[in-house]
Amino acid sequence: MIATRAFTGILFGVFALSAQEGHGVTPADIQRGAQVFLAICASCHGANGDAISGVDLGSGQFRRARTDRELSDLIQKGIPGTPMPPGNYTDEQVSLIVAYLHSMATAPRIVTSPGMGTGDPARGKAIFDGKGQCRSCHRLNDVGGFTGPDLTSIGAARRPGELQQSLLDPNAGIRDANRPVRAVTLDGTEIRGTLLNYDAYSLQLLDTSGKLRSFQTDKLREYELMKTSPMPGFKDKLTAQELADLVSYLATLKGQSR
Amino acid sequence: MSVRTITLLLAGTAILLAQVPFDRILHADREPQNWLTYSGNLNGERYSSLTQITAANAGNLELKWVLQTRTPAEATSKYEATSLVVDGVLYTVQPPNVVVAVDAVTGRIFWTHAYNPVSAARLCCGRVNRGLAILSNTLYMGTIDGNLIALDSRDGHQIWSVPLGRPEAGYSVTVAPLVVKDKIISGPAGGEYGISGFLAAFNGGTGKEIWRFNTVPKPGEPGNETWAGQSWTHGGGSIWTTGSYDPELNLIYWGIGKASPDWNGALREGDNLYTSSVIALDADTGKLKWHYQFTPHDEFDFDSTQVPVLADTTWRGRPRKLMFFANRNGFFYVLDRVTGEFLQGNAFVKVTWAAGIDAKGRPVRVGHPTPEGAVIYPGNQGATNWYNPSYSPHTGLFYIPSWIDTSSVNTSRPAEYQEGNQYTAGSATHEVPALRSPATNRRLQDSGWGAIQAVDPATGEVKWQFRMVDVTDSGVLTTASDIVFAGGREGYFFALDARTGAVLWKAMTGGQISAGPVTYAVDGKQYVSVPAGNAVFTFCLRDQQ
């Protein structure tokens with residue numbers, strides 16, 4: 001257990017990090033950074049980075065680190081005399097964590113519902129498999145549909161607040177990796193799926209039956225990279241407690257990285 | 001849209017379609033538009049019944065697409081993977097362990113899975129991978145840090161991983177697995193590090209090990225008596241080229257690596273079974289049915305890691321189940337694959353380590369490494385190697401990518417085993433580089449050259465050979481339209497007349513070809529595809545104007 005007092009004490013001197021340091025990062029880097037953060041940092045700092053009193057890693061401000069280099073050193077070497085341990089991380093892992101910490105600071109703050117921390121994962125699982133009908137569109141441990149993203153390791157990739165937001169407003173933050181796509185062939189056949197790749201001449205997708213498909217765009221009547229999700233919002237379909245239960249269950253899903 | 005509506009719309013999507021059940025692999029000859037297993041079929045022929053590309057039109061082949069590796073290749077990386085093609089999707093492995101699924105028509109990427117091997121991985125001869133296997137919706141790949149992993153063929157996510165050995169001790173997995181029924185067959189490489197080799201079967205769904213055959217027998221197992229003292233403990237017997245399968249006999253055939261240490265046989269007196277052998281195992285139990293040792297007490301680094309090619313043909317006037325095996329030791333063998341009986345062995349290159357093969361199939365040894373160094377033909381890189389041959393039942397000829405008249409000076413030295421260090425007890429020096437040739441070639445032909453040789457299995461006679469200046473690490477592909485596709489270190493990918501060896505077409509890829517070509521068809525159009533340098537090149541006939 002990490003002593004809150006110790007952590008509060010060590011992070012003296014608040015400096016804003018320069019967001020301009022280093023090379024640019026992509027949304028994919030940030031998503032990978034989230035996975036590393038949730039795997040390494042969240043056990044003490046919490047999934048939202050604010051589990052230790054007085055320390056909010058999502059604020060973008062760090063008392064002991066003014067630059068990315070200093071922050072990286074701190075992650076690698078730990079803080080002697082405190083519960084913050086050194087870590088044998090690769091340079092890539094550290095840079096991904098740093099990228100993710102920056103993204104936490106610039107992303108809109110997600111306000112979790114009252115009672116969000118009180119969910120029961122067992123009840124959440126029952127909702128997942130029953131009332132929520134989540135497997136109709138999502139796979140979990142290789143069972144389920146292909147319309148939505150695989151959720152086997154969603155708890156290792158998303159913070160609880162993000163999960164809640166996706167359930168309440170599926171259109172709020174569709175990630176490129178989960179981009180729904182609709183294509184119509186010249187004979188009028190409609191294919192729906194998840195975008196995998198596209199260019200000026202072709203389109204690749206995983207269709208809703210789990211089949212890899214590739215099309216020449218001049219052989220399509222039309223195609224659309226959708227900005228709305230086929231997932232229904234659950235705002236009026238689940239009670240606040242049911243929502244908390246479902247989020248708490250999703251947060252436990254930390255299977256093999258996908 | 002309501003949850004109910006979504007559910008109705010997507011009725012059936014939760015049902016996982018088994019894309020490639022074993023029955024499809026078993027009958028791969030019924031769907032030549034695909035390439036479902038390492039050799040194209042389970043008998044190891046690497047022969048396709050596609051005939052759209054012919055001797056008459058091969059000159060109209062043109063480049064369709066190129067897939068570049070996404071990261072610069074390392075100095076010791078080579079692109080050795082045979083691609084798989086399943087219903088219009090081509091799967092390849094960029095070195096060392098990056099799996100990519102692409103549209104087989106355009107080369108555009110569906111997904112990439114970049115496996116990161118641990119830094120402890122150590123390989124004697126390049127950070128390479130020779131390809132994938134597929135069963136149902138799962139791809140299987142060995143990793144250079146000693147694991148066998150399973151990936152979902154639809155999105156590339158990893159399903160399971162099982163270790164075959166510790167990378168710190170030199171265990172690596174470079175072989176393309178073989179699927180037999182519900183089992184994934186694989187084994188570790190690492191002969192230069194003194195591993196203790198085995199071939200094992202794993203459940204395709206779970207990765208659970210079903211059976212294991214120790215290629216260097218442990219005490220109490222038959223064959224252990226062929227190892228003096230404790231020499232079996234680090235005896236090698238590695239696995240690094242894919243085997244074949246006869247469903248009627250339910251036997252798996254696999255070529256086994258050399259004995260360790262390589263060059264000083266005094267450290268391991270005896271025949272050293274089952275190194276430098278081919279083994280026939282019951283597919284369900286892994287029990288040994290028979291074995292044949294090509295190079296007893298191998299002191300030349302010859303291994304026997306070639307693809308055993310299974311042919312049903314007439315032999316001396318009667319139908320017989322045969323195995324053709326072009327061995328790195330310089331001899332082309334014909335065996336009875338029911339019993340393992342030796343039927344014939346002929347040298348296809350200059351050979352000085354043996355004066356011949358006696359009536360029982362045992363080589364007559366005349367050469368050994370010495371402390372001062374002894375010149376041995378063929379050299380330790382062999383007369384051929386892991387690069388696959390091909391057998392065309394249409395021409396009845398067997399096609400070998402050969403290193404002609406190469407030699408090495410083999411020197412023996414004392415050695416003690418230390419985990420993680422190379423355990424070779426000597427060395428070989430040779431004028432032809434082992435891994436890759438320099439960008440410019442000024443080496444004289446006196447030290448050897450490369451060829452595609454066509455051998456008549458009935459006589460062992462070389463019917464024709466297509467000569468290259470440099471040697472070749474390319475596999476060979478034949479088609480029912482009597483075309484041989486192959487390449488070499490020079491970078492040419494070419495089509496030859498399978499009956500004469502005449503060049504029908506060639507293309508310069510700009511990089512060494514170190515993999516086996518495949519052919520497939522999508523929407524009625526035939527393609528031929530091969531990795532070269534750091535990319536995959538795919539060709540098809542020019543569209544008619």
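Worth knowing before you read on, the calculation uses all heavy atoms, side chains too, and leaves out hydrogens, waters and symmetry mates.
- For OH of Tyr89(A), the number of neighbouring non-hydrogen atoms (other residues, nucleotides, ligands) closer than 6.0 Å is greater than 12.
- Of the atoms belonging to Leu205(A), it is backbone heavy atoms, and not side-chain ones, that fall under 4.5 Å from chain B.
- Residue Asp199(A) qualifies as enclosed at atom CG: its count of foreign heavy atoms under 6.0 Å is above 12.
- Other residues, nucleotides and ligands contribute more than 12 heavy atoms inside 6.0 Å of the CG atom of Asp23(B).
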Quiz item: Should Arg139(A) and Asp155(B) be marked as a salt bridge (charged side-chain N to carboxylate O under 4.0 Å, His left out) after you check the CA-CA gap, both sets of side-chain angles, and the distance that decides it?
Solution: CA-CA 12 Å; Arg139(A) 273 170 297 154; Asp155(B) 60 12; 3.2 Å; yes
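- Annotation: side chain of Gln19(B) is not in contact with side chain of Leu212(A) (no heavy-atom distance under 4.5 Å).
- Among residues two or more places apart in sequence or in another chain, the side-chain contact (heavy atoms from CB on, under 4.5 Å) test is passed with Val100(B) by Leu67(B), Thr92(B), Gln94(B), Val98(B), Val102(B), Ile109(B), Thr112(B).
- For the pair Trp111(B) and Leu206(A), the minimum side-chain heavy-atom distance is 4.5 Å or more.
- With values rounded to the nearest 0.5 angstrom, Thr106(B) atom OG1 is found 6.0 Å from Gln216(A) atom CD.
- In this structure, Lys525(B) places its NZ atom where more than 12 heavy-atom neighbours from other residues, nucleotides or ligands lie under 6.0 Å away.
- When heavy atoms are compared at a cutoff of 4.5 Å, Tyr201(A) does not approach chain B at all.
- Residue Thr152(A) holds its OG1 atom at 6.0 Å from NE2 of His157(B), rounded to the nearest 0.5 Å.
- Using a cutoff of 4.0 Å between basic side-chain nitrogens and carboxylate oxygens, Arg154(B) and Asp142(A) are not scored as salt-bridged.
- Heavy-atom distances place the backbone of Arg213(A), and not its side chain, under 4.5 Å from chain B.
- With sequence neighbours excluded, the residues satisfying side-chain contact (heavy atoms from CB on, under 4.5 Å) with Glu242(A) are Ile127(A), Lys131(A), Leu238(A), Thr239(A).
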